[in-house]
Protein chains: 2
Amino acid sequence: MSDTPPLPPTLADVAERAGVSRQTVSNAINSPQLLRPDTLSRVQDAIEELGYTPNRAARHLRTGSSRLIGLRMPAAQEYTANAAMDRFIHALVEASRTAGYHVLLFSGGQQVEGVRPDPLAGYDALLRSTAVDAFVVTDTYLGNPQAAWLSERRAPFVAFGRPWGDAAAAHPWVDVDGAAGVRAATEHVLDRGYERVAWLGWRPDFHLGEDRRSGWEQAMAARGGYDGALAVRTDDTVHAGMTAAAELLDGPRPDAFVCASDTLAIGVLHTLAQRGLYPGRDIGVVGFDDSQVAQVVPPGLTSVRQPLEQAAIELVRALRALLAHEPYDGGGVLLAPTLAVRGSTAR
Amino acid sequence: MSDTPPLPPTLADVAERAGVSRQTVSNAINSPQLLRPDTLSRVQDAIEELGYTPNRAARHLRTGSSRLIGLRMPAAQEYTANAAMDRFIHALVEASRTAGYHVLLFSGGQQVEGVRPDPLAGYDALLRSTAVDAFVVTDTYLGNPQAAWLSERRAPFVAFGRPWGDAAAAHPWVDVDGAAGVRAATEHVLDRGYERVAWLGWRPDFHLGEDRRSGWEQAMAARGGYDGALAVRTDDTVHAGMTAAAELLDGPRPDAFVCASDTLAIGVLHTLAQRGLYPGRDIGVVGFDDSQVAQVVPPGLTSVRQPLEQAAIELVRALRALLAHEPYDGGGVLLAPTLAVRGSTAR
DNA sequence: ATGAAAGCGCTAACAG
DNA sequence: CTGTTAGCGCTTTCAT
């Protein structure tokens, strides 16, 4: 470990070995059709023998493209079941790789007690230093300034999440149809023989939550079972889910809960456990996100699963179009979720 | 969205505005002590006004440092409770940021059916293209070729995980003392009044698992309760945990389980649920990793928590020393885990 | 089809 | 303390 690593070979090294000029090597890599077959293979052999890979800094400096996509990494939320970030990041890394990109992670800076972290921190510096070619923005709730701010600076970005309520938004986006997922979940529960299906959702200031709620309402109305008293909106915590479930069970007596998140659904499971009720057999429960928690908690939590791998592929596709300066058609991509059925809806 | 974004300002722009040469601006950024206070503040004002940030590609090309740390992102393991990656990545991003680094994520390539993915894929290309300054390597089980391979090429890297059994390994590492964590967990269980404490671990070919097991053995022996029949080694799946727990309950009748992972502990909870036994009150259960699952599953799973934030800080510290070519003292950093106590060990 | 020259933005070395 | 010069490795004209 004492001496320094050998310097990687450069274009010039390859050129010398192949007996051609540096430009010819560059062409062999970037425009191979310009070379005569024999020259090309001679150069390729030299590249192979030397283990040559173009220097990214030089290429970046020259072409202006870093082949890096920026993604802001939010702090892991503990004591919730929102564990989808893992899967999304991996999917994005994979999808980026096939397009010749890597993912650069950054964070919004230290969480200071009482001070709301600046969601723009990080974006600006990366943009001005040309560290990334584009961003993938994940938290696009209404009022989040990122999209507007990035648009203003004409920074290339694609959002995972619709520009809720912002009709003026003019950036590409990919999202999952939560309403359809909840509708399918509600229909599944009704098909299983549960009748009084409650909705356990978020406070109405999130469009995302209201969208999901509409799926429940549609399914219930279509079967003639809609009852507004069966819908509750609360915070996205296990404790809030527990409390809301207890109140519903004491009031309008639902026999199933469709929830806006796995976190809320877990809250329901807590209340059932306290009352000696068994998920599935006694009360049906459905979550949203197909977290690891849903997958392993006894007896298995039925949950709406987002197609994150597909979403990542669509995001990268949109990014490539954006970076190739293809005209943006103004539309987004809406993907259909699936339902992972488990013990909590087994009667 | 039609015209191109304005080009970021360069050193020359700042120099012109401040009425100095480019080099002086560079000095103002990299060696401010060389400038006269008034010149410095004039340059700083110009930087501020123009919103200048050094171009990373140019800096990288010139200095040879990308200020990027490479981390391989493994695929999320579904149907397990091993959700610590999220937390670790965020911690690493945070720690890197304070040191002026960003994290570049890459993956080992597509998982092909039946073909074991090459753990070296990705490392080589990033190294030769000088895309990253160093790597953080996370899966350092014995027989994993990454460490040896990287050492051989003199690639700077730090491992999160000890070089188990490889006495020749000469790279910096940071790890968590699993044995101590399990020992504390076992003592906690004994203190709570459980007596026949079983060990539910992994197959013995992983040093990591044997290390954790030794913590259980030590604690049991110290209290005079050691019984080899109470130890089981199996695969790290929920199902294996279920089966092993059932067999133990039918055989040597333990009244508590200390497990090598939250995944196995969840398996125990499944078996308890099937038999109408209540975690904590009837049978104590402890997991390892303090996953989201442990945090939210009713009635809460007591679990050994790795200090990942601290680990990330130590990893970055080691990385900085390595990149500054400080002599490596040959030692590693071993961190003490904590125990998150929850309902599954409440009597 | 191949080669020569220029320059992306920055910093290290040196001159004033 | 400040300015000049050179060059990191690559790609993009433009000649040949």
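Predicted, not measured: the structure shown is a model, and the values here were computed from it.
Residue B:Thr24 places its side chain closer to D:dT2 than to any other of D:dT2, C:dT2, D:dC10. If you check D:dT11, C:dT11, D:dC1 against the side chain of B:Leu11, the one that comes closest is C:dT11. Listed nucleotides D:dT11, D:dC10, C:dT2 differ in distance to A:Gln23; the shortest reach to its side chain belongs to D:dT11.
In summary, the aromatic rings of A:Phe157 and A:Tyr123 are positioned with their centroids too far apart to meet the 6.0 Å limit.
Between the CG atom of B:Asn27 and the C1' atom of C:dA12 there is a distance of 10 Å, rounded to whole Å. Rounded to whole angstrom, the span from the CZ atom of A:Arg42 across to the C1' atom of C:dA1 amounts to 12 Å. In this structure, CZ of B:Arg128 is placed 16 Å from C1' of D:dG9, rounded to the nearest angstrom. The distance from atom CZ of B:Arg59 to atom P of C:dG9 is 15 Å, rounded to the nearest whole Å. One interatomic measurement links the two molecules: CZ of B:Arg56 to P of C:dG9, which rounds to 17 Å at whole-angstrom precision. Taking atom CG on A:Leu34 and atom P on D:dT11, their separation rounds to 13 Å, with Å as the unit. Rounded to an integer number of Å, the gap from NE2 of A:His60 to C1' of D:dC8 is 15 Å. Atom pair B:Asn55:CG and C:dG7:P shows a separation of 18 Å (rounding to whole Å applied).
Phosphate contact (OP1/OP2 of D:dT11, side-chain N/O of A:Asn30, threshold under 4.0 Å): present. Dashed line: the shortest gap from a side-chain N or O of B:Arg62 to OP1 or OP2 of D:dG7 is not under 4.0 Å. Within the 4.0 Å cut-off from OP1 or OP2 of C:dT11, at least one side-chain nitrogen or oxygen of B:Ser26 is found. For the pair A:Thr39 and C:dT2, the criterion of a side-chain N or O lying under 4.0 Å from OP1 or OP2 is met. A sub-4.0 Å separation between OP1 or OP2 of C:dG9 and a side-chain N or O of B:Arg22 is absent. Checking the phosphate oxygens (OP1, OP2) of D:dG9, no side-chain nitrogen or oxygen of A:Thr10 falls inside 4.0 Å.
Annotation: the span from A:His102 atom NE2 to A:Ile69 atom CD1 amounts to 10.5 Å, rounded to 0.5 Å. Interatomic distance, B:Leu40 CG to B:Ile47 CD1, rounded to the nearest 0.5 Å: 8.5 Å.
Using a 4.5 Å heavy-atom threshold, the side chains of B:Asn27 and B:Gln23 count as touching.
If you check every strand for non-hydrogen atoms under 4.0 Å, B:Leu35 touches sugar and phosphate atoms only.
Across B:Leu126, B:Val158, B:Leu71, a single residue satisfies side chain to side chain contact (heavy atoms under 4.5 Å, CB included) together with B:Phe135, and that is B:Leu126.
Nucleotides of DNA chain D nearest to B:Ala58 and B:Pro37 differ in position, and the one nearer the 5' end is that of B:Pro37.
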